[in-house]
Amino acid sequence: MQLLSAVKSNPRLKKIVHWLLIPRGQARPRLWVRLFVNPFFHKKGNGAIIRFNTRMDVFPFNQFVLGSKSIIEDFATINNGVGAVIIGDNTGIGLSNVIIGPVKMGNYVMLAQNIVISGLNHGYEDVTMPPRVQKVVTKQITIEDDVWIGANCVVTAGVTIGKHAVIGAGSVVTKDIPPFSVAVGNPARVIKKYNFETATWQKV
């Protein structure tokens with residue numbers, strides 16, 4: 001912990017360590033980091049599966065946790081370079097999903113195909129510089145237990161999706177979604193909520 005603090009507080013040392021971990025102009029760790037460093041820093045629960053064709057752009061300086069009996073399907077990309085990625089138990093990350101931290105998911109979350117969940121935004125305010133080289137801004141994304149997100153959705157930085165919420169396919173989630181609700185559209189809006197008194201889903 002003291003070593004990490006020392007690196008972060010020394011710009012020159014930080015630059016050297018960054019070069020050792022990540023090839024210039026890339027967003028994935030060097031092979032030696034993936035093979036010999038990450039396994040000692042990241043947590044993978046019992047029965048968890050990461051498919052062979054998954055792209056794991058994870059680094060030792062931020063958390064990556066994959067809970068018990070959770071699965072990351074082929075062609076997904078997981079990136080914790082700017083924030084932790086924490087995935088709970090019995091959660092499924094679908095084919096071709098992109099997860100960029102900071103993101104925290106609960107248990108029994110179900111993600112369909114081609115979903116982007118990104119806690120990162122690039123700055124664009126300085127018009128003398130391309131957005132690619134401007135400072136990034138991050139905001140935590142939280143997806144609570146039992147959430148189901150349909151195919152081709154986008155979840156933007158700073159959003160919380162409440163427990164047992166359902167997000168319809170193709171939706172763009174830009175604001176918090178309350179628990180026990182169904183949201184659809186671009187931007188996503190709530191169209192149903194669960195009524196515990198009548199034990200029914202009711203239109204809003």
(Q) Any non-hydrogen side-chain atom of Val184 less than 4.5 Å from a side-chain atom of Ser171? (A) yes
Q | Test item: Thr91 and Ile143 side chains (from C-beta on) under 4.5 Å apart, heavy atoms | A | no
**Q.** CG-OG1 distance between Asn195 and Thr200, expressed to the nearest 0.5 angstrom
**A.** 5.0 Å
Q.
Nearest 0.5 angstrom please: Lys135 NZ to Met129 CE, how far?
A. 12.0 Å
**Q.** Pairwise side-chain contact, Val173 with Ile149, heavy-atom cut-off 4.5 Å (strictly under)
**A.** no
(Q) Can you confirm whether Val58 sits close enough to Ile78 that some side-chain heavy atom of one is under 4.5 Å from a side-chain heavy atom of the other? (A) yes
Q) Any side-chain heavy-atom pair from Asn90 and Asn107 closer than 4.5 angstrom? A) no
Q) Would the number of heavy atoms belonging to other residues, nucleotides or ligands and lying under 6.0 Å from CD of Gln63 be above 12? A) no
Q: First locate atom CD1 of Ile141, then atom NZ of Lys104, and finally report the distance between them rounded to the nearest 0.5 Å.
A: 14.0 Å
Q) Pairs in or reaching into residues 70-91: which pass salt bridge (charged side-chain N to carboxylate O under 4.0 Å, His left out), with residues at least two apart or in two chains? A) Arg51-Glu73
(Q) Any side-chain to backbone donor/acceptor pair from Ser70 onto Gly88? Under 3.5 Å, distance only. (A) yes
Q) Given side chains that start at C-beta, do those of Val85 and Asn79 come closer than 4.5 Å, heavy atoms only? A) no
Q. With respect to Ile99, which candidate in Ile115, Val116, Ile87, Leu111 satisfies the side chain to side chain contact (heavy atoms under 4.5 Å, CB included) definition?
A. Leu111
Q: Work out which heavy atom in Ala84 is nearest to a heavy atom in Asn62; give both atom names and the distance.
A: N-CB, 4.3 Å
Q | Shortest non-hydrogen contact from Cys153 toward Gly170 | A | SG-N, 3.7 Å
**Q.** Hphob cluster co-occupancy, Phe36 + Phe59, side-chain heavy atoms under 4.5 angstrom
**A.** yes
Q. At their closest point, which heavy atom of Phe64 faces which heavy atom of Leu66, and how far apart are they?
A. CZ-CB, 4.0 Å
Q | Minimal non-hydrogen separation, Leu120 against Ala157, with atom names | A | N-CB, 4.3 Å
**Q.** Minimum side-chain heavy-atom gap Val155-Val103 below 4.5 Å
**A.** no
Q) Take atom NZ in Lys69; do more than 12 heavy atoms of anything else shown fall under 6.0 Å from it? A) no
Q.
When you group the ILVMFWY residues by side-chain heavy-atom contacts below 4.5 Å and let the links chain together, are Val133 and Val136 in the same group?
A. no
Q. Quick check: are there more than 12 heavy atoms from other residues, nucleotides or ligands sitting under 6.0 Å from OH of Tyr108?
A. no
(Q) As an exercise, state the distance from NE2 of His42 to CD1 of Ile86, rounded to the nearest 0.5 Å. (A) 10.5 Å
(Q) Let me check something: do Trp148 and Val182 share a hydrophobic cluster, defined by ILVMFWY side-chain heavy atoms less than 4.5 Å apart, either directly or through other members? (A) yes
Q) Could you give the distance from NE2 (His164) to OG (Ser181), rounded to the nearest 0.5 Å? A) 10.0 Å
Q: Return the minimal non-hydrogen interatomic distance between Gly106 and Asp145, and the atom names on each side.
A: CA-OD1, 3.2 Å
Q: Could you name each residue pair satisfying salt bridge (charged side-chain N to carboxylate O under 4.0 Å, His left out) that touches residues 173-193, not counting sequence neighbours?
A: none
(Q) Please find the pair of heavy atoms, one from Ala112 and one from Asn97, that lie closest to each other, and give the distance. (A) O-ND2, 2.9 Å
**Q.** Side chain proximity check, Arg34 to Met56, heavy atoms < 4.5 angstrom
**A.** no
Q) Do Met105 and Ile71 belong to the same hydrophobic cluster, where Ile, Leu, Val, Met, Phe, Trp and Tyr are linked whenever their side-chain heavy atoms lie under 4.5 Å apart, directly or via other members? A) no
Q | side-chain contact (heavy atoms from CB on, under 4.5 Å) between Val33 and Asn38, worked out | A | CA-CA 6 Å; Val33 177; Asn38 284 345; 3.8 Å; yes
Q: Please answer: with hydrophobic residues joined when any side-chain heavy atoms are less than 4.5 Å apart, are Val154 and Val137 in the same cluster?
A: no
